[in-house]
Structure formats: C-alpha cells, structure tokens
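On a predicted model such as this, the values are computed, not experimentally measured, just so you know.
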Amino acid sequence: MNFNRNTQVVDCRLGISHGKGGSLARAGTLSQAGKLDVVVVAMGSGRRHVTKPICEITYAIRRENIQTGVLVLYAGTGYPESGTMGSFGIDPKEIDQINMHKMAIIHFGNVRNHFVRKARDIFSGVHIPAVIITQALVDFEDFAKVGIKTRYVKPKEKDQLSDGVIMNIVTGVTRGDAASREKLSEIIVKVKETLGQIQ
C-alpha cells in the first residue's frame, strides 16, 4: 500500500474474507506489516460481531506512517455455548503473535461485562502496552478489577495477570458502523502517544 509516497508492505492472510465484516479475513488469521510496530486485534467476524471499524481504523493509522498489522482471533466471536455465556478463548499462538509487536490495539463491542472478561483472558499472556477501543463506556478501573494493569489504576500485585498494560481507552466506536472522523483522530492521537512512551 502506498500512503503519500510511503509504502507499507502488508502480508495478507490466507482464506477468503467475510463481506459482512467489512471484508475482514476469517478468524485465526494475521495480516503482518513489514515492521512489527502495531497490531490491531479484532474479534472474529460473524453474526454477532460486525467488525467494520477495524479496516477504517487500520487504514487511518497506516496513513500516519505507523506500520500496522491485523490479527483476527480464531475464537474471538464468543458465540454462546448455552444460555448467555460465550465461548471466547485465545490460542497461545495468537498470544505469541500479539507479543511480537511493540503495542496492540484491541477492538471490543458493546457488552461491557463480556469484553472485560475477554480482556482478562487476552492479558493473561499479553506483555505489551495496548490501546482499547470499545462501543460501550468503560474505564481503567473496570479492567484493573479483573487483574489487568492499566496506566492509571493498578490491581494488587498478587492479582496482576501479566506485564501487559492498558495505556489508553477510546469508547463510543460503534461496531458495524463507519467510525467518525473525530473518533479516528482520537485513536490516532492515543496510538501515537502510546508509541511515544514506549520507544
């Protein structure tokens, strides 16, 4: 891809895409950039997870000359097995793929209790800084309560899951809708701020 004469090489993933998910590739696939700076982590697309903002977010970040890849989690859909509990899980290979990068951007949806539990599972093995993007309102304390270290609120040391830390949160990004220019700008600012703090 060429962004204002700056070329980024993106290693596209195997398998056909989901048109419903904004042409995002199938679950369990990684689109790796030339440099391992940022990885955008998406829940697997499907009936309950329309991941449209991911492509817009990724494109906006790449336009800022930030090398950005995309990982679509294999079990990120969290389909209910029975009743209301989801079947979310993260493969050790996916944890390794996230940890290869300097930082992660993790996109969640609109059910706070569900995605906070998903974040707990992800951060049980992720050791890099992250920016969280959600539709629902959420704050640092919500994540710290489940053992995730955050920039402003830290869990008790005995409860801390890993060295991974949530550096910034962007809320109000509606799943399945186009991301507003204001939200894309907010994401870019917070990604640049996070990268600046870790480089």
Side-chain angles (χ1 to χ4, degrees), residues 30 35-43 49 53-54 57-58 61 64 66-76 78 84-175 179 182-199:
L30 172 67
K35 291 183 182 176
L36 301 176
D37 290 341
V38 176
V39 61
V40 180
V41 180
M43 303 301 108
H49 289 86
I54 290 295
I57 291 165
T58 305
I61 296 168
E64 298 296 315
I66 298 170
Q67 296 278 328
T68 308
V70 180
L71 173 64
V72 185
L73 296 181
Y74 180 74
T84 58
M85 291 303 292
S87 58
F88 176 79
I90 186 163
D91 190 273
K93 176 184 174 185
E94 294 172 326
I95 293 285
D96 291 342
Q97 289 171 328
I98 295 170
N99 282 328
M100 291 188 312
H101 297 80
K102 291 179 183 175
M103 68 161 287
I105 300 167
I106 307 174
H107 176 257
F108 291 117
N110 197 35
V111 183
R112 184 172 57 184
N113 289 341
H114 289 184
F115 68 69
V116 167
R117 285 198 298 265
K118 289 181 181 182
R120 180 192 61 203
D121 291 346
I122 292 169
F123 277 91
S124 64
V126 166
H127 302 289
I128 61 173
V131 173
I132 301 295
I133 300 174
T134 71
Q135 182 174 337
L137 288 174
V138 68
D139 59 30
F140 292 101
E141 192 168 330
D142 292 314
F143 294 107
K145 283 178 183 174
V146 297
I148 302 170
K149 187 164 64 170
T150 77
R151 181 178 180 181
Y152 297 111
V153 184
K154 292 179 175 56
K156 293 178 181 176
E157 197 167 327
K158 65 181 178 64
D159 298 327
Q160 188 173 302
L161 296 173
S162 71
D163 293 330
V165 57
I166 295 174
M167 297 294 290
N168 279 298
I169 300 171
V170 179
T171 62
V173 178
T174 305
R175 188 169 60 198
E182 291 75 19
K183 284 298 173 184
L184 290 175
S185 295
E186 183 181 353
I187 290 166
I188 289 165
V189 166
K190 290 186 174 179
V191 168
K192 284 184 171 180
E193 179 183 310
T194 301
L195 276 174
Q197 291 174 336
I198 63 178
Q199 287 179 340

Heavy atoms only: give me the nearest [X]-[Y] pair and the separation to one decimal.
{"X": "Leu71", "Y": "Gln97", "answer": "CD1-OE1, 3.3 Å"}
{"X": "Ile95", "Y": "Gly125", "answer": "CG2-O, 3.4 Å"}
{"X": "Gly109", "Y": "Phe115", "answer": "O-CE2, 3.4 Å"}
{"X": "Arg175", "Y": "His107", "answer": "CG-CE1, 4.3 Å"}
{"X": "Ile90", "Y": "Asp121", "answer": "CG2-O, 3.8 Å"}
{"X": "Ile166", "Y": "Phe140", "answer": "O-CE2, 3.7 Å"}

- Item | Residue pairs, two or more places apart or on separate chains, that pass side-chain hydrogen bond (donor to acceptor under 3.5 Å, both in side chains) and touch residues 149-158 |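 For residues 149-158: Arg151-Asn168, Arg151-Glu193.
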Got [X] and [Y] here, is their nearest side-chain heavy-atom distance under 4.5 Å?
{"X": "Ile57", "Y": "Leu184", "answer": "yes"}
{"X": "Leu195", "Y": "Met103", "answer": "yes"}
{"X": "Val138", "Y": "Phe143", "answer": "yes"}

Just how far is it from atom [atom1] of [X] to atom [atom2] of [Y], taken to the nearest 0.5 Å?
{"X": "Ile148", "Y": "Asp159", "atom1": "CD1", "atom2": "CG", "result": "12.0 Å"}
{"X": "Ile169", "Y": "Phe108", "atom1": "CD1", "atom2": "CZ", "result": "10.5 Å"}
{"X": "Lys183", "Y": "Glu186", "atom1": "NZ", "atom2": "CD", "result": "4.5 Å"}
{"X": "Ile106", "Y": "Lys118", "atom1": "CD1", "atom2": "NZ", "result": "12.0 Å"}
{"X": "Ile133", "Y": "Ile54", "atom1": "CD1", "atom2": "CD1", "result": "6.5 Å"}
{"X": "Thr171", "Y": "Asn110", "atom1": "OG1", "atom2": "CG", "result": "10.5 Å"}

- Message: Using the side-chain contact (heavy atoms from CB on, under 4.5 Å) criterion, which residues pair with Ile128? Sequence neighbours excluded.
- Response: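 In terms of side-chain contact (heavy atoms from CB on, under 4.5 Å), with neighbours along the sequence ignored, Ile128 is linked to Ile98, Asn99, His101, Ala104, Val126.
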- Message: Run the side-chain contact (heavy atoms from CB on, under 4.5 Å) test against Asp91 and tell me which residues pass, sequence neighbours left out.
- Response: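 Asp91 satisfies side-chain contact (heavy atoms from CB on, under 4.5 Å) with Lys93, Glu94 only.
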- Query: Of the options Ile66, Ile61, Ile187, which is the one that meets Lys192 in a side-chain contact (heavy atoms from CB on, under 4.5 Å)?
  - Reply: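 The passing option is Ile66.
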- Is Asp139 reaching over with its side chain to a backbone N or O of Asp142, donor-acceptor style, under 3.5 angstrom?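 Here the side-chain-to-backbone pair exists.
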